[in-house]
Amino acid sequence: MKTVFVLNGPNLNLLGTREPAVYGAQTLADVQQLCAQACARHGLALRFHQSNHEGALLDWLHEAGGLHAGGQLAGVVLNAGAYTHTSVALLDAIKGTGVPLIELHISNVHARESFRHHSYISPVARAVVCGLGVAGYGLAIDAIAQW
Ligand code: DQA
């Protein structure tokens with residue numbers, strides 16, 4: 001059974017109470033449940049994580065890279081939050097591990113402030129899902145299941 005990593009960056013632990021007009025009312029626990037259901041539908045195992053620390057995201061990407069090297073990784077869904085717009089380290093980790101990855105944003109970052117329009121991750125992502133709300137997580141897993 002191959003594994004999907006769903007990685008969430010800073011402030012996503014606040015889902016449900018954080019700017020609900022932008023991010024909706026569902027919590028991170030709801031998102032985890034949605035991801036578990038999507039993985040179960042496709043016979044995939046799920047690793048679901050959130051951290052406010054950039055290094056933790058790097059460590060999980062490296063771990064996913066190890067599974068990828070062993071042919072056991074289905075793919076990675078990464079919502080790096082604000083690190084999307086700042087982190088060369090995430091770009092290097094994705095490049096360095098070669099993990100097949102979907103960049104995800106709950107909101108439509110292109111309809112928001114201009115500093116959210118640039119992503120360090122997009123050039124090394126297989127695809128970008130953005131603006132579909134938390135439903136995007138399930139759709140990203142559906143896409144990974146087709147790879
Ligand atoms: C986000 C968009 C980012 O710009 C923001 O910093 C987030 C969440 C999203 O899911 O829409 O924390 O990645």
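As the structure lists them, so they are numbered: ligands from 1, and atoms in each ligand from 1. Along the sequence shown, residues carry numbers from 1.
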Protein contact to [atom] [nearest heavy atom, distance to 0.1 Å]:
atom                    : result
atom 9 (C) of ligand 1  : Ile106 N, 3.3 Å
atom 3 (C) of ligand 1  : His85 NE2, 3.5 Å
atom 5 (C) of ligand 1  : Arg116 NH1, 3.3 Å
atom 2 (C) of ligand 1  : Val109 CG1, 3.6 Å
atom 11 (O) of ligand 1 : Ser107 OG, 2.6 Å
atom 8 (C) of ligand 1  : Tyr23 OH, 3.5 Å

Which segment of [X] sits under 4.0 Å of ligand 1 when only heavy atoms are counted:
X      : value
Asn11  : neither
Asn79  : side chain
His105 : both
Arg18  : side chain

Working to the nearest 0.5 Å, report the span between [atom1] of [X] and [atom2] of [Y].
X      : Y     : atom1 : atom2 : value
His105 : Asn79 : NE2   : CG    : 6.0 Å
Leu90  : Tyr83 : CG    : OH    : 8.5 Å
Leu7   : Phe48 : CG    : CZ    : 9.0 Å
Ser114 : His85 : OG    : NE2   : 11.0 Å

Output field: ring centroids His118/Tyr120 closer than 6.0 Å: yes
Salt-bridge contact Glu103-Arg126 (side-chain N to carboxylate O under 4.0 Å):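 The answer is no: the pair does not qualify as a salt bridge.
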Verdict with reasoning, Phe5 to Leu78, per side-chain contact (heavy atoms from CB on, under 4.5 Å): CA-CA 8 Å; Phe5 274 61; Leu78 174 63; over 6 Å; no
His53 atom NE2, over 12 foreign heavy atoms within 6.0 Å: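 No, NE2 of His53 has 12 or fewer neighbouring heavy atoms, counting only those of other groups under 6.0 Å.
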Any N/O pair Ala82/ligand 1 closer than 3.5 Å: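 It does: an N or O of Ala82 is found under 3.5 Å from an N or O of ligand 1.
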